[in-house]
Amino acid sequence: MFVAVMGYGTVGSGVAAVLKQNGEAISSKFGCENIQLKKILDIRKFPGDEFEDIITDDFNEILNDPDIKIVAETMGGLHPAYDFVLALLNAGKSVVTSNKELVAVKGRELLEAAKKNGVNFLFEASVGGGIPVLRPIYQCLCANELSEVAGILNGTTNYILTQMITQGASFEAALSQAQELGYAERDPSADVDGIDALRKICILSDLCFGKNTPPDSAVASGIRNITLADVEAAKALGGVIKLIGSAKRLPDGKTAVTVSPAFIRSGSILSVTDDVQNCVTVRGNAVGEVSFSGPGAGKLPTASAVAADMADCAKHFGINRSPSWDEGSGDNIVSGDDYVSCWLVRAKGSKDEIRKQFPGVGFINAPGLPSNELFFVTEEMPCGSVKSKLESAGAQTGSIIRITDY
Ligand code: HSE
């Protein structure tokens, strides 16, 4: 069966390499037709590249080729990825993708298009890179009522926080290291501001709770204002700070969705997920708690997931293997200032004024904490209440870190 890859960047070139190296083994082991790469779409030229002869800059050569049955989209971004994928599905081709923005924003619509055309739209690589996590959720855990999914979903920020926790590096120094190592982009906003992790938790929420979770209905706060003092305060409380994406079903049927720096108790699997590794924990009423961890990014790990989705499409051509979820709007999502939790707060101000706003609060005393800042843990309350109480106390807010029970 002939296939194509759109986007010959890090992931796309990894897919081409994996298909070349493992293609025959994939088909004999998995029992699908032999997968042969016929075209690669990219607007750039790659003189001397081993796949140079099959690289084209004309999308129509893939769209209009009746031999090409499966296409991997690894271009990233919404446009033209969305337009190309929709056209391919409507032309009766199965599509797989590693593009989390595409799946988070347009996933439901593309799944409908796949269903209508009797083909598949699969996206295992869009969350957790090489970690098998989406298929286990919608297949292996389908016998559960799932209550919560949470995880470390971004390798770049996890690398930065690990450097801060284990090496005492400042945020700025750790970010520079991440850029030197090629983990962080020159403009690292999507990673450090939590936007990448938000797209991934929205996809996980779609799958776990069966309702569309539009990324623009939830709020992400990243790690830019996390300091070494926050790291020390978390240590004094017996844990570490990680950037956590979380989606939780609430008793009223709504879903609480957030991406934020969070306190994780020492000893939990998320607390020991370091560097660029990712880890996703899922809670269900039959299985209890399960976690999936491994390389959340990178050329070959991500290609591993993309190529496996292609094999699934090849084995089940004409049989719908794709998950689905219902329409949902922002009205169903609780996020941002409405998100309820206990919070670890760093602020500058008067202890007495803070005590008036947070009655009974105890301040954290530990070596290494700066004397001009106050650290305390609130009772359970919406994040917006913490902010307004700090304002009423005349305090200057440093950070507000969610306390988790993972
Ligand atoms: N920039 C992402 C990360 C790549 O650091 O995890 C994988 O989505």
Side-chain angles (χ1 to χ4, degrees), residues 7 9-15 18 72-78 81 96-107 122-134 149-165 169 171 174-207 215 220-224 226 241-246 259-262 270 273-281 292-309:
T10 305
V11 178
S13 61
V15 174
V18 166
E73 185 277 303
T74 58
M75 300 185 295
L78 261 193
V96 311
T97 184
S98 57
N99 183 341
K100 51 255 169 183
E101 185 176 6
L102 179 70
V103 181
V105 177
K106 297 286 189 186
L122 299 176
F123 42 87
E124 182 63 56
S126 64
V127 178
I131 309 170
V133 59
L134 301 188
V149 58
I152 295 168
L153 302 170
N154 182 269
T156 303
T157 44
N158 202 38
Y159 175 83
I160 292 170
L161 289 171
T162 303
Q163 289 301 306
M164 293 174 73
I165 295 163
F171 169 78
L175 173 59
S176 297
Q177 281 173 27
Q179 283 169 324
E180 273 165 34
L181 289 166
Y183 301 145
E185 307 283 333
R186 208 139 9 119
D187 175 5
S189 319
D191 291 320
V192 297
D193 294 331
I195 298 160
D196 175 75
L198 182 66
R199 290 172 182 144
K200 293 168 181 169
I201 196 63
C202 286
I203 297 169
L204 288 167
S205 172
D206 295 337
L207 288 172
S221 59
I223 62 165
R224 279 188 204 271
I226 297 300
I241 296 171
K242 297 284 187 184
L243 183 70
I244 299 292
S246 164
V259 172
S260 61
L270 291 171
T273 300
D274 285 337
D275 297 318
V276 287
Q277 298 292 101
N278 284 192
C279 181
V280 179
T281 293
F292 308 89
S293 71
K299 177 174 169 151
L300 292 179
T302 309
S304 153
V306 174
D309 272 354

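For ligands, and for the atoms within them, numbers begin at 1 and follow the listed sequence.
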*So which heavy atom on Leu175 is nearest to which on Ala184, and how close?*
CD1-CB, 4.1 Å
*Element-labelled atoms of ligand 1 that are located less than 4.0 Å from some non-hydrogen atom of Asp191*: 1 (N), 2 (C), 3 (C), 5 (O)
*Among Ile241, Asp191, Ile160, which one satisfies side chain to side chain contact (heavy atoms under 4.5 Å, CB included) with Ile223?*
Ile160
*Look at atom 5 (O) of ligand 1 and say which protein heavy atom is nearest, naming residue and atom and giving the distance to 0.1 Å.*
Thr156 OG1, 2.6 Å
*So, do Lys242 and Ile152 sit near enough that their side-chain heavy atoms are less than 4.5 Å apart?*
yes
_Students should be able to answer this: which protein heavy-atom is nearest to atom 8 (O) of ligand 1, and at what distance?_
Lys100 NZ, 2.6 Å
_I'd like the name of whichever of Glu101, Arg199, Lys200 reaches closest to atom 7 (C) of ligand 1 through any heavy atom._
Lys200
_Below 3.5 Å, N or O to N or O, backbone or side chain included: is there any such pair between Asn278 and ligand 1?_
no
*Check whether any side-chain heavy atom of Leu78 lies under 4.5 Å from a side-chain heavy atom of Leu102, and answer yes or no.*
yes
_Tyr183-ligand 1 polar pair, N/O distance under 3.5 Å_ = no
_Side chain or backbone, does Gly155 bring an N or O within less than 3.5 Å of an N or O on ligand 1?_
yes
*asked:* Is there a side-chain contact between Tyr159 and Leu181 in this structure, where contact means two heavy atoms from C-beta onward sitting under 4.5 Å apart?
replied: yes
*Answer with side chain, backbone, both or neither: which part of Asp196 has a heavy atom less than 4.0 angstrom from an atom of ligand 1?*
side chain
*From Ile203 CD1 over to Glu101 CD, what is the distance, rounded to the nearest 0.5 angstrom?*
10.0 Å
_Considering all heavy atoms, the nearest Asn99-Gly77 contact_ = ND2-O, 2.7 Å
*For ligand 1, is any non-hydrogen atom under 4.0 Å from Asn154's backbone (N, CA, C, O), its side chain (CB onward), both, or neither?*
both
*Can you list the atoms of ligand 1 that are under 4.0 Å from a heavy atom of Ala297?*
4 (C), 7 (C)
